[in-house]
K.L.:
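Following this message is one structure expressed as structure tokens.
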Amino acid sequence: NGYLLTRIGFLSVLGASVWLPLSLLLLRRFSKKRLSLKNTVLLGAVLAVQFLAGHPQVFAYAFLVLCAYSISDASRRKTISPVLLLAASAFAASALAAIQLIPSLEFVYHSTRASGLDLKIVSVYSLPPRNLLNFFSPSLNFAYNPKFWALSCYVGAVPFFLSLYAFFSKRKLNLFFAALLIFSVLFAFGEYNPLFKIFCSVFPPARAFRYPATALYIAVFSIAALTGFGFDRLKAVSYALYALVFVTLLDLFAVGGVFNRAADNGVYRVYGQKTAYLTRQKGLFRIFTTPKTLGAMTGKGSDYVSGWADVKDNMYGDINMNHRIFSARGQDLFLAGYHDFLQRVDAMGSAGRANKLLSLANVKFVFSPGEVKSDKYDLVIGGGMKVYRNKNCLPRAFFVSRAKILPRPEILDYMTGPGFKPAEEVALESGSGFSPPAYSSAAAAGRAEVVRYEPGKVEIKVIAKSPCLLV
């Protein structure tokens, strides 16, 4: 379907999405048998693999489908076995995926999503009602739109009408999938649905995710299930239906070609001036993109390859992490304290006024489409997207000899004030129980060297003759 075809490049979404049919099939079959360790672990393993695929939102929606089915099946059969099976399998999945589940929960607890995102952020990429036509048209007006993936729900005319024919049969699952389809579409409407705001208020976990249109995943799955039921009913009438299946596959193949164009491998080999310059720099450092930079990051090359090279050269998102070029702005999910830090940097209005905070964050280069008017920066690359070198950039790890203990709301005010010297002191949050002793001013003369910097592991070699604080 169009939902999966437009997300082939989103490996975490694709990897999590494909497991729902199998998990629902196992739940349906196993719930008709006696609860057993074998069946519980097998369903739990499928759920664990789906979670480890790496897209929590897709997993959450899929698990809600399983919950809805287990409750519906238990009510219809007047037995609690489906609910018990899913609960036991969820426990098994939690144990199997604990190595990722536990740190993920800890991270979310300390992130900006712990208390729920702002409703404006949650509502980004809501499905406009007119875009229901996307079920029949691969894209409105049949025009390619690179942002279309978020609203994609194309299934084609033949599958849609087959799904309608399913209701001529007496399958008990027809109403379940129909209800699932209706609810998922209403949720996908997001800000266009007056009840969405109320739902998010009554059910706070809904505010942990953005893009209401992601619920179209459940909509296209429901249509696929109903299409299968309709096909089963009609195939006894005419084997010409298999020709319709072939036509549908060709249709989806053609649609996939629109949204997944073949690319010249030069996309991976061609890099611009800024990328080449940064990869020649020694040591660990970060870059920073100003708010104005974010609106000027699109590629402007003369062809597809040069356009993508331009996008990469402007440091869009995190696509240059493979070159160990790290952005201090991060990507999407932030620790709550760091989110406050970035907001303060942006609120200061210029890289010059924010120099202390940027230097502390190991920002060595600032990208800006406009001129940075400050003697704290040197222009190293000109043009439409300029690159400035921060003269006061601090190392990734260093020593200081003083600590200031402050309540959390006062820390950023102090750090942006005239008395704070980031190379000499650190501001710490009160309430931790830590009371720093008096350190020698000579302590900061020691050396801290990052010898290993990998995902999940950082090693720092330190040489200090007296007690000091490592930043």
Side-chain angles (χ1 to χ4, degrees), residues 1-27 43-66 93 96-97 99-101 104 108 124-127 131 134-135 138-139 144-156 159 177 180-181 184-185 187-188 208-225 227-228 248-263 265 267-268 308 311 316-319 321-322 331-333 455:
N1 55 65
Y3 179 90
L4 295 179
L5 286 172
T6 53
R7 288 165 173 80
I8 287 178
F10 295 79
L11 297 183
S12 59
V13 175
L14 193 64
S17 300
V18 297
W19 293 99
L20 178 56
L22 178 59
S23 59
L24 184 59
L25 175 65
L26 294 179
L27 176 61
L43 178 56
V46 173
L47 294 176
V49 171
Q50 185 178 27
F51 173 78
L52 291 172
H55 202 282
Q57 186 173 9
V58 171
F59 174 80
Y61 290 169
F63 189 74
L64 286 175
V65 170
L66 298 182
L96 291 170
I99 192 171
Q100 181 62 50
L101 176 62
S104 295
V108 170
V124 171
Y125 281 139
S126 295
L127 179 72
N131 279 55
N134 289 338
F135 279 111
S139 61
Y144 176 76
N145 182 346
K147 293 184 178 179
F148 179 76
W149 62 266
L151 307 178
S152 177
C153 54
Y154 180 66
V155 294
F177 282 110
L180 210 59
L181 171 62
S184 58
V185 168
F187 186 86
F209 299 118
R210 303 175 301 167
Y211 303 174
T214 303
L216 292 172
Y217 162 54
I218 305 304
V220 296
F221 171 71
S222 301
I223 292 177
T227 298
T248 300
L249 291 176
L250 288 179
D251 177 36
L252 292 174
F253 183 80
V255 171
V258 173
F259 293 101
N260 299 284
R261 297 177 175 179
N265 60 15
V267 168
Y268 305 99
W308 260 107
V311 169
Y316 181 80
D318 53 8
I319 58 178
M321 286 186 67
N322 60 314
Q331 180 81 357
D332 293 340
L333 187 60

K.L.:
Measuring from atom CG of L181 to atom CD1 of I218, what distance do you get when rounded to the nearest 0.5 angstrom?
P.N.:
11.0 Å
K.L.:
Tell me the side chain to side chain donor-acceptor pair (under 3.5 Å) pairs involving residues 50-65, sequence neighbours left out?
P.N.:
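For residues 50-65, and leaving out neighbouring residues, the side chain to side chain donor-acceptor pair (under 3.5 Å) pairs sorted by first residue read Q57-Y61.
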K.L.:
Which residues pass the ring pair (Phe, Tyr, Trp, His ring centres under 6.0 Å) test with F59, sequence neighbours left out?
P.N.:
F51
K.L.:
Under the side chain to side chain contact (heavy atoms under 4.5 Å, CB included) test, which residues partner A48, sequence neighbours left out?
P.N.:
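Residues passing side chain to side chain contact (heavy atoms under 4.5 Å, CB included) with A48: A93, L96, A97.
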K.L.:
Quick one: pull up OG in S184 and CG in L64 and give me the separation to the nearest 0.5 Å.
P.N.:
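If we round to the nearest 0.5 Å, S184:OG and L64:CG are 12.0 Å apart.
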K.L.:
Are there more than 12 heavy atoms of other residues, nucleotides or ligands under 6.0 Å from atom CD1 of I99?
P.N.:
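Atom CD1 in I99 is not crowded, with 12 or fewer foreign heavy atoms closer than 6.0 Å.
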K.L.:
Where is the tightest heavy-atom contact between L43 and S23, given as atom of each residue plus distance?
P.N.:
CD1-O, 3.6 Å
K.L.:
Who passes side chain to side chain contact (heavy atoms under 4.5 Å, CB included) against L24, sequence neighbours left out?
P.N.:
L66, Y69, F177, F221
K.L.:
Taking only residues at least two apart or on different chains, which pairs with a member in residues 213-222 satisfy side chain to side chain donor-acceptor pair (under 3.5 Å)?
P.N.:
none
K.L.:
For C153 and L216, which heavy atoms make the closest approach, and how far apart are they?
P.N.:
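So the minimum-distance heavy-atom pair works out to CB-CD1, 4.0 Å.
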K.L.:
Test side chain to side chain contact (heavy atoms under 4.5 Å, CB included) on F135 and I223; report intermediate values, then the result.
P.N.:
CA-CA 10 Å; F135 279 111; I223 292 177; 3.5 Å; yes
K.L.:
For residues A213 and L151, report the shortest heavy-atom separation together with the two atoms involved.
P.N.:
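In this case the closest contact between A213 and L151 is CB-CD2, 3.8 Å.
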K.L.:
Applying side-chain hydrogen bond (donor to acceptor under 3.5 Å, both in side chains), name anything that partners S12, two or more places apart in sequence or on another chain.
P.N.:
none
K.L.:
Looking only at heavy atoms, what is the nearest atom pair of V13 and S17, with distance?
P.N.:
O-OG, 2.6 Å
K.L.:
Using side chain to side chain contact (heavy atoms under 4.5 Å, CB included) as the criterion, list what pairs up with L22, not counting sequence neighbours.
P.N.:
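Scan of L22 (side chain to side chain contact (heavy atoms under 4.5 Å, CB included), adjacent residues dropped) gives W19, L26, V46.
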